[in-house]
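Presented below is the structure to which this report refers.
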There are 2 protein chains.
Amino acid sequence: MLSSIIFYSLDRAIRSYRRMAQATIDRAGLDITIDQWLVLRVLLEHDDLTQHDIAERVFKDQASVARILALLTRRGLVSAVPLPHDGRRSQLRVTEEGHRILDAVQPIVLQNRALALAGVSEEELALLRPVLERIALNCTPTPGP
Amino acid sequence: MLSSIIFYSLDRAIRSYRRMAQATIDRAGLDITIDQWLVLRVLLEHDDLTQHDIAERVFKDQASVARILALLTRRGLVSAVPLPHDGRRSQLRVTEEGHRILDAVQPIVLQNRALALAGVSEEELALLRPVLERIALNCTPTPGP
DNA sequence: CGAAAGACTATGACATGTCATAGAAGTTGC
DNA sequence: GCAACTTCTATGACATGTCATAGTCTTTCG
């Protein structure tokens, strides 16, 4: 039955893409992971988010985001300055070096997407998206009352 | 643009599914992960595969398979008896306990798939699969000569 | 035969996923 | 203003993903 393997195909597609994408970034001599890049992108556009907010945007766990932020900070791609009005949080900003990496990765990501979607029409993509979102929704626990 | 978020949707769909699936297995009191279950299933049907063969079937790395097999063996779901004709390998077999777990997990997995695909038609699935396989193929490095 | 080449498994190192929780800091309600 | 609750971050524990490589065993070939 089709449904019996659709999740396997899903898994395979996304993992193939991630492997390929990471490989192109590595080959370009850029020392950053896909996941770190994702978080860095979010920080570029919003510098006032909690780790939980960031996690929601990149669909990760707060714990994962905490570790990724620690790595980004350690590598000097993000600066963290304690916020005066909330002792728990820090002001996170993409550094100059962070901007350089973002700029260098951006065209690679675009190329990767194009490569991955070669031979896939816009119509097919248009059909794909609602199905994927339906699956995600079906699998998301309803936040009980 | 659609293509700019399709991979995000893909990622979200498969992760949502995996979280939900693991949660149902945990709730049933079964001490096994999705990935361990996948490998166990393969062993049930083929007991003469190398780790590399298994890895291909479940689309994992050989190193991951090695660790999963070690866990399955440690938990008594798989037995490993050194092969006489090849000192590197072992004969891997699903134990009684392994069979019990497989039997217990099977209906849960079927339910999970149905739940995840609620509201998705067979036609949509039929459209989805070739696109996913196309993406996987596009992202797979051609084994050079 | 014996050495080089290849196959197979195990493991180190690091990043991430997930759950759980500790510890610190803010908020609410009385 | 204090206690209870909530929010936020950090981290421990364990599983997996990925790359690289060590160590063992097999096959090949000169």
Side-chain angles (χ1 to χ4, degrees), chain A residues 11-12 14-27 31-40 48-56 58-75 77-78 80-92 139 141, chain B residues 11-12 14-27 31-40 48-56 58-75 77-78 80-92 139 141:
Chain A
D11 199 54
R12 224 159 85 83
I14 193 67
R15 284 203 217 182
S16 299
Y17 174 71
R18 288 177 65 92
R19 280 185 202 172
M20 182 273 285
Q22 189 64 58
T24 61
I25 290 174
D26 294 346
R27 263 202 306 276
D31 185 22
I32 192 172
T33 68
I34 301 279
D35 297 296
Q36 289 165 16
W37 175 78
L38 266 174
V39 171
L40 200 54
D48 60 340
L49 301 177
T50 66
Q51 291 185 1
H52 188 265
D53 293 335
I54 297 171
E56 274 198 346
V58 296
F59 203 66
K60 290 182 186 305
D61 194 77
Q62 176 262 328
S64 301
V65 171
R67 280 164 181 131
I68 289 174
L69 285 175
L71 279 174
L72 287 173
T73 304
R74 180 140 51 83
R75 291 186 186 174
L77 307 187
V78 163
V81 179
L83 280 174
H85 67 281
D86 190 335
R88 298 166 298 183
R89 302 177 48 193
S90 287
Q91 174 74 52
L92 301 173
C139 295
Chain B
D11 199 55
R12 224 159 84 83
I14 193 67
R15 284 203 219 183
S16 299
Y17 174 71
R18 288 178 64 92
R19 279 184 204 174
M20 181 273 285
Q22 188 65 58
T24 61
I25 291 175
D26 293 347
R27 262 202 305 277
D31 186 21
I32 192 172
T33 68
I34 300 279
D35 297 295
Q36 289 165 15
W37 175 77
L38 266 175
V39 171
L40 200 55
D48 59 342
L49 301 177
T50 66
Q51 290 185 1
H52 189 265
D53 293 334
I54 297 172
E56 274 197 347
V58 296
F59 202 66
K60 290 182 187 302
D61 193 77
Q62 176 263 327
S64 301
V65 171
R67 281 166 180 129
I68 289 173
L69 285 175
L71 278 175
L72 287 173
T73 304
R74 181 139 52 83
R75 292 188 185 173
L77 308 188
V78 164
V81 180
L83 279 173
H85 67 280
D86 191 334
R88 297 166 299 183
R89 304 177 48 195
S90 287
Q91 173 73 51
L92 300 173
C139 295

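Every chain is numbered from 1, with letters handed out A, B, ... down the list of sequences.
Contact check, B/R88 against D/dA22: no side-chain N or O comes under 4.0 Å of OP1 or OP2. The phosphate of D/dA15 (OP1 or OP2) has no side-chain N or O of B/Q36 nearer than 4.0 angstrom.
Within the nucleic acid shown, B/R75 comes within 4.0 Å of sugar-phosphate atoms alone, with no base atom in reach, counting heavy atoms only. Counting any heavy atom pair closer than 4.0 Å across all strands shown, A/L69 reaches no nucleic acid atom.
Here the C1' atom of nucleotide D/dT16 and the CG atom of B/L72 are 13 Å apart, to the nearest Å. The CD atom of A/E56 sits 13 Å away from the P atom of D/dT7 (whole-angstrom rounding). Rounded to whole angstrom, the span from the CG atom of A/L49 across to the P atom of D/dC8 amounts to 11 Å. Straight-line distance from the CG atom of B/D35 to the P atom of C/dG17: 14 Å, rounded to whole Å. The distance between atom CD1 of B/I34 and atom C1' of D/dG17, rounded to the nearest whole Å, is 17 Å. The CG-C1' distance, from B/L83 to C/dT9, rounds to 13 Å in whole Å. The CD-P distance, from B/Q51 to C/dT11, rounds to 11 Å in whole Å. Look at CD1 on B/I14: it is 15 Å from C1' on D/dG17, rounded to the nearest Å.
Judged by distance alone, with hydrogens and angles left aside, the side-chain atoms of A/Q22 form a donor-acceptor pair with the main-chain N or O of A/I34 at under 3.5 Å. Listed for the A/D26 side chain is no donor-acceptor partner under 3.5 Å among the backbone atoms of A/A23.
Taken from CD1 in A/I54 to OG in A/S64, the straight-line distance is 12.5 Å, to the nearest 0.5 Å. Note that CG of A/D53 is 3.0 Å distant from OG1 of A/T50, once rounded to the nearest 0.5 Å. The distance from the CG atom of B/D11 to the CG atom of A/L38 is 8.0 Å, given to the nearest 0.5 Å.
Pairs engaging residues 66-75 of chain A under the salt bridge (charged side-chain N to carboxylate O under 4.0 Å, His left out) rule: A/D31-A/R75 [sequence neighbours left out].
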For nucleotides 18-20 of chain D, which of its nitrogen or oxygen atoms have a protein nitrogen or oxygen under 3.5 Å away, and what is each distance?
residue: D/dT18; atom: OP1; partner: A/R19; partner atom: NE; Å: 3.4
residue: D/dT18; atom: OP2; partner: A/R19; partner atom: NE; Å: 3.4
residue: D/dT18; atom: OP2; partner: A/R19; partner atom: NH2; Å: 3.1
residue: D/dT18; atom: O4; partner: B/R67; partner atom: NH1; Å: 2.9

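For B/D35, the salt bridge (Lys or Arg N to Asp or Glu O under 4.0 Å) partners are B/R18, B/K60, not counting sequence neighbours.
Both A/L71 and B/A66 lie close to DNA chain C; mapped to their nearest nucleotides by heavy-atom distance, the more 5′-ward contact belongs to B/A66.
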